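Okay, structure first, notes after.
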Amino acid sequence: MRDAIGMRWGAYLGAAAAILVVPPAFAQAPIEIVEDWIAQSERFEWLEITHAGVNHDAASGTTTVKDLEISIELSDLPGATTDGKADSVDLSYIFAFPSLVFEGLDVDGAYYVADRIQAEELLIDFQIDSESQGSSSTTGSYDGLAAANLRWARLPDIAEDPARPVSRFYPLAAALVDVSFESMEFGVLDLVSETSDPPMTTAIQYGAGTVGSTERGNISTMTMDGIWLSASAREAEEADHGVAVDYEMEIGSIAVRQYNYGDMVRLFDPSIEPGAGGDAFETMNGWFSATDWTIATEGVEVTIEELRMEDLGGRRPPLPVLSRADALYLAIENDQEPDPIELVELVAATYGAFRLGLMEATGLAFEADEFGGSLAATGVTGLSSDGIETIYYRGLQAGDDAGDVEIALGDFTISDLGFPSLAALLALEQAQESGDIDTMLRAVPTLGGLSLGGLVLHVPFVAELSLARAHITMADHIGPIPTRIATLIDDLRMPTWMIDDEEALETFEALGYEEIAASHELSLTWEEAGETIALSSSTTLEDGGTLGLDATFGGIPRGALENPMSLMFVAFGITLNEASAVFTDASLTDRVLSMLAQDQGTDIETMRAQAAGILPFVLAALQRPDFLTMVTAAAGAFLEDPGTLRIEMRPDEPVPMMQLMEAADSDPGRVVDMLNVEVSSQ
């Protein structure tokens, strides 16, 4: 219903505007033009246009209209439905010009022209009365408006057409934006709004500004001195005792370049063929900036140095949006459920017609009771129906006044988020019912990467950790499945008391660690030619050691990634082609030996000898004397002087994993033979 109100209200405003700017077919003098506006308004019960007199000075070409008033009264409009009861809404708009001056007002074919239009003041009165939501009253005044060398389109007659309740208004919308002028200046706009439910007073002031050269609704530049807003709420029982300020906002200045709102409307021209869906984007808004924000409410203040938008692009939607809107509107008017697929397609086509290059806020800061912080920047880039290039937060600093709590984040970025196509989303439900995995995968978003850096979290008795940087990158996707993955965790630090597992905590403390400082790297790469996956991993514990793992697995065809459900069958053919494990000690070995020695009531040297002596008994069951000799020598040398211990597996040919599992159960010694295992120490 609310949308229906908006559509009807747009029609009313369009008709009122048409009266003001549409001349009859024959030529008219300026006074006749103004008088004709008045005559045409009499055809509508909801519209009244009056004035206190019109004067035209032929010598100067100036036409002055005194006390021009446009009044729009709409009654019994349907509002929101609450508890099964439809609301009834009455609207009243009054726009009054104490003096409206035209210089050189004339007709030029399908356009009106004027050398200059000037109004010293515009008075505004807007009233809403709702049966269920109370009343709202907005009054204010515009301090001056002047524009030079104007040219604006005559608005067309809008014929009744029940089959086109929405699209028939497009020519009206297109004509309304078909305005050109050399320059415009506007003064301060002050508004005050009073609402009854909830009881609230809102005051807002828009600063003076300018608009540069504009061609058919495409603005070259625009500036505004700023915006000031305050909202005050009052309890019903305190209504006679003043109000309390709940919210205040101030914006220092606003600037715009290349704002092509005319082209934006013309994208949806029903006479133009729909786009192909992959057309290039054209500039709709080149640059927007609002600086020096201050927002304050209930003991909280937020400031923003700048909020800006760049490179808003537009292209023709891939389906006739307005004709689709006609069908949906008629369905609602006839109490029918709109086709959900058509509704989704309409929203997607409209959304897909635009692309945002950048939306960013910089220099954010906030102050609250005993807590505050700042954020250097946050933003989104490359937002379109295809996905998002990046979402990021940079330079977060927060804490309490006492200095006990510290939160910091240097950077957090989500990159290359890919959205599934509309067709894939529409096919998802049926695919789930039928078990169509391929179609289901096409409806899964893709992700290029996540990165985080400079994390510090210090909250007493809760958390105390830091992280230099971390990231995960994913690339070369097959559907939603990446075939290259790389992860990094660099210099993660946390005290051992943060470990939840009691047994693990006792172990780390027994090893002599009060802080855990670790780093980790992992990469996975699938090669289609060899149907292999290469894995490489490195984990480092500061004052402990580094463990590196490398392996190559075969027998993984493209089909296994295109349909992960097939992996259960592919698993029988996966092979281990080669592998290695390398541990480089940095005190962990002696820490473990010392812990074991303390548990057994002996010294570390005795424990070192015992550990070396146990190995022959452990490995005897393998029944591989040569392997036992090699391992015993390598382990003994490593325990005596911990350095690097290396295990390499290089089979003569790839070994099926199923064979390895069977051998491990029946004859573990065969695993050593199959993999050509070598153990060495340096």
Side-chain angles (χ1 to χ4, degrees), residues 1-14 77-87 89 158 160-174 264-279 281 284 312-356 380 383-388 417-434 436 439-446 480:
M1 284 300 185
R2 187 173 300 170
D3 292 338
I5 291 175
M7 292 175 184
R8 292 192 181 97
W9 176 230
Y12 292 135
L13 284 178
L77 295 174
T81 300
T82 306
D83 298 329
K85 182 180 179 181
D87 191 12
V89 179
I158 305 300
E160 290 291 334
D161 188 347
R164 299 172 58 241
V166 178
S167 62
R168 69 190 182 97
F169 289 106
Y170 175 79
L172 179 62
M264 196 178 302
V265 171
R266 289 185 283 271
L267 286 175
F268 298 91
D269 187 343
S271 67
I272 299 177
E273 289 294 322
D279 304 328
F281 289 96
M284 298 293 113
L312 175 63
R315 61 186 179 186
R316 289 176 299 154
L319 59 81
V321 168
L322 294 182
S323 0
R324 183 65 60 85
D326 284 333
L328 292 172
Y329 181 88
L330 290 173
I332 295 172
E333 285 289 290
N334 295 322
D335 295 324
Q336 299 174 354
E337 286 291 331
D339 187 318
I341 293 180
E342 291 186 356
L343 181 59
V344 170
E345 288 177 342
L346 174 62
V347 173
T350 305
Y351 171 64
F354 297 97
R355 180 187 186 277
L356 179 62
V380 57
L383 171 61
S384 72
S385 58
D386 295 328
I388 301 175
L417 179 61
F419 298 155
S421 68
L422 175 61
L425 293 175
L426 293 177
L428 178 59
E429 183 176 359
Q430 184 176 353
Q432 290 174 326
E433 293 176 355
S434 62
D436 184 349
T439 301
M440 290 167 61
L441 287 176
R442 284 195 289 271
V444 178
T446 60

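None of these values were measured; they are calculated from a predicted model. The basis for the numbers below is simple: all heavy atoms, side chains too, and nothing from hydrogens, waters or symmetry mates.
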For the student: nearest non-hydrogen atoms of Ser167 and Arg164, plus distance
OG-NE, 3.2 Å

When rounded to the nearest 0.5 Å, the distance separating CG of Leu356 from CD1 of Ile388 is 10.0 Å

Under a 3.5 Å distance rule, please check whether Arg315 uses its side chain to pair with a backbone N or O of Gly277 as donor and acceptor.
yes

Side-chain heavy-atom pair Leu428, Met440 within 4.5 angstrom cut-off:
yes

So Leu312 and Phe281, side-chain contact (heavy atoms from CB on, under 4.5 Å) or not? Walk me through it.
CA-CA 9 Å; Leu312 175 63; Phe281 289 96; over 6 Å; no

Candidate pair Val344 and Leu425, rule side-chain contact (heavy atoms from CB on, under 4.5 Å), full reasoning:
CA-CA 10 Å; Val344 170; Leu425 293 175; over 6 Å; no

Could you list the residues that satisfy side chain to side chain donor-acceptor pair (under 3.5 Å) with Ser434, not counting sequence neighbours?
none

Report yes if the side chains of Leu267 and Phe354 come closer than 4.5 Å at any heavy-atom pair, otherwise no.
yes

Measuring only between side-chain heavy atoms, which start at C-beta, is Ser385 closer than 4.5 Å to Phe419?
no

Test item: Pro320 and Pro274 side chains (from C-beta on) under 4.5 Å apart, heavy atoms
yes

Contact between Tyr170 and Arg266 at the side-chain level, heavy atoms closer than 4.5 Å - yes or no?
yes

Atom OG1 of Thr350 and atom CG of Leu346: how far apart are they, to the nearest 0.5 Å?
4.5 Å

Spatial distance of atom CG (Leu383) from atom OH (Tyr351) [nearest 0.5 Å]:
4.0 Å

State, to 0.1 Å, how close Ala163 and Leu330 come at their nearest heavy-atom pair, and which atoms those are.
O-CD1, 4.0 Å

What heavy-atom pair brings Ala427 and Thr439 nearest, and what distance separates the two atoms?
CB-CG2, 3.8 Å

Of the non-hydrogen atoms in Arg324 and Glu345, which two are nearest, and what is the gap between them?
NH1-OE1, 2.9 Å

Could you tell me which non-hydrogen atom of Pro317 sits nearest to which non-hydrogen atom of Ala349, and how far apart they are?
CB-O, 3.7 Å

Can you check whether Glu273's main-chain N or O pairs, donor with acceptor, with Arg316's side chain at less than 3.5 Å?
yes

Counting neighbours of CD on Gln430 that are heavy atoms of other residues, nucleotides or ligands and sit closer than 6.0 Å, is the number greater than 12?
no

Shortest non-hydrogen contact from Ala424 toward Pro420
CB-CB, 4.5 Å

Hey, is the main chain of Gln336 close enough, under 3.5 Å, to the side chain of Asn334 for a donor-acceptor pair?
no

